[in-house]
Enquirer: 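Below you'll find the structure I mean.
Chain letters run A, B, ... following the sequence lines, proteins first and then strands; every chain starts at 1.
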Amino acid sequence: MIDIKFLRDNIDVLRTALANRGASIDLDSILEVDASKRSTLHEMEQLRAEQNRASEEIAKLKREKADASQQLEAMKALSGRVKELDEKVRELDADLQQRLLIIPNLPDESLPIGKDETANREERRWGTPRDFDFEPKDHVDIGAALGILDFERAAKIAGARFCLSFGAGARLERALINFFLDVHTREHGYTEVLPPFMANTASFTGTGQLPKFKDDQFVIGNEGKDLYLIPTAEVPVTNIHRDEILNEADLPIKYAAYSPCFRSEAGSYGKDTRGMIRQHQFNKVEMVKFTTPETSFDELESLTANAEKILQLLELPYRVMTLSTGDIGFSAAKTYDLEVWLPGQNAYREISSCSNFTDFQARRANIRFRRGKKPEFVHTLNGSGLAVGRTAVAILENGQQADGSVVIPAALRPYMDGIERITPLK
RNA sequence: GGAGAGGUGGCCGAGUGGUUGAAGGCGGCGGCCUCGAAAGCCGUUGUACUCCAUUGGGGUACCGCGAGUUCGAAUCUCGCCCUCUCCGCCA
């Protein structure tokens, strides 16, 4: 959430930032609601103060067994007025909050300015895409030939955009989850977390999925239940510290969590319909950090490096993109996308997204730390480390051989019972 | 799902509708004592919004959440949420 005080004092900065994002927000009417709320609140508070003074006086009179009927009469009228104003303040504040909650974060100054992904800036590449002496297949064909992926039956069970894997395919995902968590906890200093896979409205609002992106979420329909399936472990893990004041000495706090992720993919009809690139459910290991404000951008670099390390260990070629102002997500101030090379698509495709949310989520979720007298908002960051399904796709496509088998990266073999390649399932 | 108990400050724990932001204790911080420490003693100790101001001072709100009764609610009423115990069901 944008600080209302910042909005009051820096409306032009905000206007430019929102224009760069391609967001149209009526800032002037927000200022109007804010001013109206504050003046009403002020008026009400003065009447309250009067009420409190009179109340004290009445108490004193009663103790002395004196007559207080005159004061009581006067307070009756005032009480009604206070109630009116209180209701008005409540309405104005609700209106204000609603408006503030749909303002996106300020993009960092280092972002390329542009209207969409074509303006994203490539920072670096690692690895070289392999030369094939045969026509490389995509993971759907590879998986079908190996008998480890079955999209038809998945559709029978749950519909389109679901995946069903068998044998080495299923084992591959489980291996990747363990491998990712081991690297992040053993080598990168993250604490492993296993969070709830559903979360409530307050949590979803805290990280920014609600109220604006309700259509992207799967809602648990049971009567009276306030629950959504998580679209990423970012939601439950960031909300671990909602409404808390952390110790500065404990920062940065670093969590790594496996979770399945559920996305309705509303509005993406026709996009990536083939294969397991875009699913309603996929596995992911997510890294989440809570930091002090002045270290968050350095922490973003190391977080990104932690995700890159996984790709390097798996010998998968990738590139790092800085998202432009027009492509960056709602809550983020800066995002690096890691794009892995997919021979089956002859393209780099997103496999990790690493973001610094600055104080945007911390303000929404009220996550603070103390180092002086006043508590301050922390900065929150998160990044995929990595998307498991897409990593499996990358391994299948990059490791495929002319005979249809798939060579498993050496680093992963200990997690695959030591086998070197996946061969057709009988 | 059924029955019961309970939600008060960083923690524990009092609290009769009227100087209760809230007794007391613990913890934290500062000081005294000490060569140093412990013990002891003294003091201090929430958050948010807001107004005036140089340090600082004032106002309002907050006792799970929301509504109601009242001149006035931590205290009374109603609804909701959460926690615990027992039973049932279940992995």
Side-chain angles (χ1 to χ4, degrees), chain A residues 1-9 30-101 194-206 210 219-220 222-228 236 239-251 253 260 290 359 361-378:
Chain A
M1 191 155 62
I2 297 297
D3 184 3
I4 182 69
K5 285 180 209 155
F6 178 86
L7 189 151
R8 278 179 214 140
D9 301 339
I30 292 177
L31 284 180
E32 277 170 35
V33 175
D34 175 52
S36 168
K37 179 209 136 185
R38 288 206 295 160
S39 71
T40 312
L41 183 67
H42 188 71
E43 190 186 342
M44 187 193 74
E45 286 187 346
Q46 291 199 319
L47 292 184
R48 273 267 170 83
E50 196 181 325
Q51 209 172 19
N52 288 342
R53 274 195 298 277
S55 208
E56 227 169 273
E57 198 185 326
I58 291 169
K60 197 190 283 178
L61 288 173
K62 292 237 167 164
R63 265 199 308 278
E64 295 164 352
K65 304 270 195 277
D67 177 49
S69 57
Q70 196 185 329
Q71 283 80 354
L72 288 180
E73 202 52 43
M75 281 306 101
K76 263 185 195 170
L78 206 134
S79 175
R81 177 67 181 148
V82 167
K83 222 165 261 184
E84 273 173 42
L85 288 173
D86 184 56
E87 197 167 323
K88 194 174 165 199
V89 168
R90 223 190 296 273
E91 280 169 21
L92 287 167
D93 191 54
D95 187 11
L96 183 64
Q97 288 306 316
Q98 213 165 349
R99 290 166 187 271
L100 288 175
L101 283 171
L194 185 63
F197 300 154
M198 305 180 205
N200 55 27
T201 300
S203 297
F204 272 69
T205 305
L210 288 179
V219 185
I220 305 298
N222 295 28
E223 197 188 340
K225 282 276 185 272
D226 173 34
L227 283 175
Y228 301 81
N239 278 284
I240 288 173
H241 296 299
R242 173 153 50 84
D243 292 323
E244 290 185 14
I245 299 175
L246 306 167
N247 296 320
E248 186 190 19
D250 295 336
L251 301 179
I253 294 172
F290 302 81
D359 61 2
Q361 294 181 325
R363 184 169 281 111
R364 287 174 160 247
N366 193 30
I367 307 168
R368 294 172 294 174
F369 76 103
R370 194 193 298 276
R371 59 178 156 191
K373 192 146 176 59
K374 283 271 162 207
E376 303 170 49
F377 288 113
V378 299

Enquirer: Sort out the partner of B/A22 for me: Watson-Crick or G-U wobble, both distances under 3.5 Å, none otherwise.
Expert: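 With both distances under 3.5 Å required, B/A22 matches none.
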Enquirer: So which nucleotide from B/A61, B/G18, B/A48 ends up closest to the side chain of A/Arg48?
Expert: B/A61
Enquirer: Hey, does the side chain of A/Arg53 come within less than 4.0 Å of B/C71's phosphate (OP1/OP2), counting only N and O?
Expert: no
Enquirer: Rounded to whole Å, please give me the gap between CG in A/Asn52 and C1' in B/U20.
Expert: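 Taking CG of A/Asn52 and C1' of B/U20, I get 13 Å after rounding.
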Enquirer: Using both distances under 3.5 Å as the test, list the Watson-Crick or G-U wobble partner of B/G56, or none.
Expert: B/C52
Enquirer: What is the minimum heavy-atom distance between A/Leu92 and A/Ser36, and which atoms define it?
Expert: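 Distance-wise, the nearest heavy atoms are CD1-OG, 3.4 Å.
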Enquirer: Could you give the CD-to-P distance, from A/Glu376 to B/A48, as a whole number of Å?
Expert: 11 Å
Enquirer: Return the pairing partner of B/C29 with a 3.5 Å limit on both distances, Watson-Crick or G-U wobble; otherwise return none.
Expert: B/G43
Enquirer: Could you tell me whether A/Lys37 contacts a base, only the sugar-phosphate backbone, or nothing, with contacts defined as non-hydrogen atoms closer than 4.0 Å?
Expert: nothing
Enquirer: Would you call the rings of A/Phe290 and A/His241 parallel, tilted or perpendicular, where under 30° means parallel and over 60° means perpendicular?
Expert: perpendicular
Enquirer: For A/Ala49, which contact category applies under a 4.0 Å heavy-atom criterion: base, sugar-phosphate, or nothing?
Expert: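 If one applies the 4.0 Å heavy-atom cut-off, A/Ala49 turns out to touch the sugar-phosphate alone, with no base involved.
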Enquirer: With a non-hydrogen cut-off below 4.0 angstrom, is A/Arg363 in contact with a base, only sugar-phosphate, or nothing?
Expert: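 No contact.
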Enquirer: Are any of the side-chain nitrogens in A/Arg81 or A/Glu84 under 4.0 Å away from the carboxylate oxygens of its partner?
Expert: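 Yes.
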Enquirer: Just how far, in rounded Å, is C1' of B/C51 from CD of A/Glu45?
Expert: 9 Å
Enquirer: Using heavy atoms to find the nearest nucleotide of RNA chain B for A/Ser55 and A/Leu72 separately, return the residue whose nucleotide is more 5′.
Expert: A/Ser55
Enquirer: With a 3.5 angstrom cut-off on both distances, give the Watson-Crick or G-U wobble partner of B/G4, or none if there isn't one.
Expert: B/C84
